[in-house]
Amino acid sequence: MCGIVGYIGKANAASVLIGGLKRLEYRGYDSAGLALLDGDNVRVSKAAGKVANLSERARTDWTPELFQNAATGIAHTRWATHGPPTEVNAHPHLDETGGIALVHNGIIENYRALRSRLETKGHHFLSETDTEVLAHLIGDCNKGDLFQAVCDALHQVEGTFGIAVISAKEPGKIITARRGSPIVIGVGNSEAIIASDASAILAHTQRVIYLDDNDIAIVTADAVDIRDLNNVPVTREIAELGLDSAAAEKGGFEHFMLKEIHEQPESLANAIRGRLDLQLGSSVLAGMGTSQRELADLSRVVMVGCGTSLHAAMVGEYAFEDLADIHAEVQQAAEFRYRNPILGNRDFVIAISQSGETADTLAAVREAKQKGAFVMSLVNVVGSTIARETGRGVYLHAGPEISVASTKAFTSQVSVLLMMALKLGRGRRFSRDEGLKLAREIESIPELVRRVIEKNDTIAEIAARYVDNEHAFFIGRGPMFPVALEGALKLKEISYIHAEGYHAAELKHGPIALLQKGTPVIAVACEGPAKDKTLGNIEECRARGARILGIVTEGDHDAEEVMDDFIAIPRAHPLVATIPATVALQLFSYHVAHLRGCEIDQPRNLAKSVTVE
Ligand code: AGP
C-alpha cells in the first residue's frame with residue numbers, strides 16, 4: 001500500500017514530509033518522492049529505493065533555503081501497482097503545465113481511457129502510472145479553481161483513491177480527497193499534516209480528522225474545510241488518536257498479522273475489483289496476456305509454489321478441474337525443478353508467490369521456461385523477480401504483507417485462481433448464465449470474510465480452550481483439505497503447537513493412532529459434496545476421545561451436534577467457502593498463539609521471504 005504525507009504550516013516542510021515517510025516505511029514500498037511549493041514553481045525530487053535515498057537526493061536537488069523555508073508540500077512512498085518501481089514512475093506526478101503536483105494511493109481502473117482522451121488533447125505522459133493520468137486530468141479540468149478542478153476530475157474516475165494535490169498558482173492550501181484509500185488529517189497549531197496512516201502524524205499532533213469516502217477537503221495551516229464531491233459542506237469531528245507510534249503502525253492492532261487478517265475484506269475487494277465481467281459471465285485478467293483461443297489450446301495446468309502459496313495452488317487444482325474441465329496438478333516448487341518435469345507448450349504453468357522472490361519457486365519458473373511451457377505468475381509484490389521473469393501474470397493487489405505468517409495473500413491468491421478458473425471454464429465449458437452465477441459468488445467474497453471477522457471475539461473465546469495442547473490435527477476433504485493444511489501451518493508457525501493437516505480419510509490409515517482423550521481435531525466440515533464423509537471421520541475421532549472444533553456452515557445444526565466447539569461461516573459455493581473457512585482458522589491460530597504469549601509477527605526460525613534453497 002502506498003504512503004501519503006502532506007504538510008502545510010510555518011516552514012521546514014521538507015523535513016516534516018521526509019520524517020512522515022520514514023514513519024510509513026514499515027508498510028513496504030519501492031520508491032519515494034516529494035514536491036514543495038517554491039514561489040511560482042513546484043519543485044519535485046524522487047528516488048527509487050529507500051526514503052534515505054530520497055532525502056539525500058532532495059538535498060542535492062534543492063538549495064538549503066528551499067529545504068528549510070518551504071511551508072507547503074506533499075510526499076509519497078510507492079508500492080508499485082502500475083508500472084515498475086522506477087524513479088519516473090514514483091510520485092508526485094505533475095500535470096501538463098508542471099504547476100500542479102499529485103500523490104495518490106489506490107487504483108484508477110479507467111486510466112487507459114482517460115489517458116487516450118488526454119493524449120488526443122495534446123497531453124504528454126512520462127510514466128506508466130495511473131496516477132500521472134489523474135494529475136493531467138486535474139490540470140485539464142483546472143479553470144482557475146484547484147478545488148473545483150479536483151472535484152471535476154474525480155467525478156470522471158472509476159476506482160479508488162486517496163490523494164493530496166498542490167498548485168503553484170494556489171499556494172497556502174492542499175486539496176485532499178478519498179474513496180477506498182484512507183486519508184487522515186492531523187490538526188496542529190497553525191499547521192496541518194495529511195497522511196494515509198496515522199503513524200505519520202503522531203509526532204505532530206494527536207488531534208485528527210478522518211475523511212470518509214467521497215470527502216474532499218481544502219486544508220490550510222489554520223483550517224480544514226470538508227465538502228462532498230458535489231461541493232456540499234460536510235462535518236467531520238476531530239478525534240483524539242490516543243495511539244503511540246508503535247501501535248499506530250499497526251493501525252491500532254496489537255500485531256501486523258491481526259491487522260492483515262482484518263484488512264482482508266479490503267484486500268480481497270482490491271484483488272477482485274475490475275476483474276469480473278458481469279456481462280459475459282467471465283473474468284478480465286489483462287495481465288495474463290492471453291486470448292480465449294490460446295487458453296482453449298491448453299491441455300493442463302501445473303501450479304508451483306511453497307508453503308501457504310502451495311496450499312493456495314492446491315485449492316486452485318480443484319477449481320481448474322471442477323470449473324474449467326482441464327487437468328490440473330500442483331508441485332512443490334523445490335521438488336518440481338529437481339524431478340525433470342515432463343512439460344510441453346500446451347502446459348500452463350502458474351508460479352504462485354506472495355513475495356515473488358522465493359528461490360525454489362523462481363527456479364521452478366526457470367525450469368518451466370526451459371521446457372517450453374506457457375508460464376505466468378500470481379504474485380503480490382509488483383516488479384518482483386518472479387513477476388519480471390515470467391513477464392505475465394496477475395498481481396494480487398493485497399498491499400504489503402508484513403507479518404511472516406501469510407494471511408491476506410493466501411485469500412487473494414485463491415480469489416484470483418477462482419477468477420482464472422472462471423475465465424478458462426467460460427471459454428471451455430460454462431454457459432453465460434453459469435459463468436455469471438459463479439462471478440457473483442466470487443464478487444461476494446469480501447462480504448463473506450467480513451462476516452467471519454465479525455466473529456473475532458467468539459473465535460478468541462473458543463481459542464482459549466485449545467491453548468494448552470501441544471498437538472493438534474486439522475482435517476478436511478475436497479478443497480477443504482488444503483484449507484486444513486493451511487490452518488495447520490498457521491497454528492504451528494505462530495503458536496509452536498505441533499499441528500498437522502490431513503485428508504480426513506487419511507487419519508484411519510495411521511495418524512489416528514496418535515489420538516488420545518482430549519486431542520484436538522479441527523475439522524473443516526462446511527456444506528459441500530464431502531461434508532457427510534467428513535462427519536463420519538469426525539465420529540471416528542470422537543470415538544477415540546478427541547476434542548472436535550468444527551468449521552461449519554451457518555445453520556447446519558446436524559454438523560454442530562457432533563462438534564465440541566464450532567465456528568459457523570456463511571453459506572457459499574464449496575470452492576468460494578475455502579476463503580471464509582481459512583479466515584476463521586487464521587483468527588483461531590492468532591488467538592491461540594496470542595494467549596500462549598508467542599511473538600506472532602516474527603516467529604522463531606522463520607523469514608518472510610525464503611530467498612535461499
Ligand atoms: C506462510 O505463512 C509462510 N510465511 C511461508 O510458508 C510462505 O508462504 C512461503 O515461504 C512462500 O512464500 P511466497 O508466497 O512469498 O513465495
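As the structure lists them, so they are numbered: ligands from 1, and atoms in each ligand from 1.
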Ligand-residue contact atoms, ligand 1 with A405, heavy atoms, under 4.0 Å:
2 (O)

Considering only protein heavy atoms, which is closest to atom 4 (N) of ligand 1, and at what distance to one decimal place?
V404 O, 2.7 Å

Check the pair T385, E357 against side-chain hydrogen bond (donor to acceptor under 3.5 Å, both in side chains), reporting the backbone distance first and the verdict last.
CA-CA 6 Å; T385 306; E357 301 299 343; 2.6 Å; yes

Atoms in ligand 1 flagged as close to S406, the criterion being non-hydrogen separation under 4.0 Å:
1 (C), 2 (O)

Atom CD of Q370: over 12 foreign heavy atoms under 6.0 Å
no

Please check if the number of heavy atoms outside R339 that lie under 6.0 Å from its CZ is greater than 12.
no

Using a 4.0 Å heavy-atom cut-off, say whether E493 meets ligand 1 through its side chain, its backbone, both or neither.
side chain

Closer than 3.5 angstrom, by distance alone: can the side chain of D564 be matched with the main-chain N or O of I548 as a donor-acceptor pair?
yes

Distance from atom 10 (O) of ligand 1 to nearest protein heavy atom, with residue and atom
V610 CG2, 3.9 Å

Please verify whether a non-hydrogen atom of E357 lies at under 4.0 Å from ligand 1.
no

Taking distance alone, with no angle check, do Q413 and ligand 1 share an N/O pair under 3.5 Å?
no

Distance from atom 14 (O) of ligand 1 to nearest protein heavy atom, with residue and atom
S309 OG, 2.6 Å

Under 4.0 Å between heavy atoms, the region of T308 that gets near ligand 1 turns out to be both

The protein heavy atom nearest to atom 12 (O) of ligand 1 is T358 OG1, 3.5 Å

Step by step, would you call F481 with Y318 a ring pair (Phe, Tyr, Trp, His ring centres under 6.0 Å)?
CA-CA 10 Å; F481 166 44; Y318 289 95; 7.9 Å; no

S406 side, atom OG; E493 side, atom CD - distance, nearest 0.5 Å:
8.0 Å

Please report whether the ring centroid of H255 lies less than 6.0 Å from that of H594.
yes

Nearest neighbour in protein (non-hydrogen) for atom 9 (C) of ligand 1
C306 O, 3.7 Å

Residue K490 vicinity, atoms of ligand 1 by number, heavy atom under 4.0 Å
1 (C), 2 (O)

Distance flag, aromatic centroids of F410 and H311, threshold under 6.0 Å:
no

E401 side-chain N/O to A409 backbone N/O, donor-acceptor pair under 3.5 Å:
yes

So the atoms of ligand 1 within less than 4.0 Å of a heavy atom of Q354 turn out to be 13 (P), 14 (O), 15 (O), 16 (O)

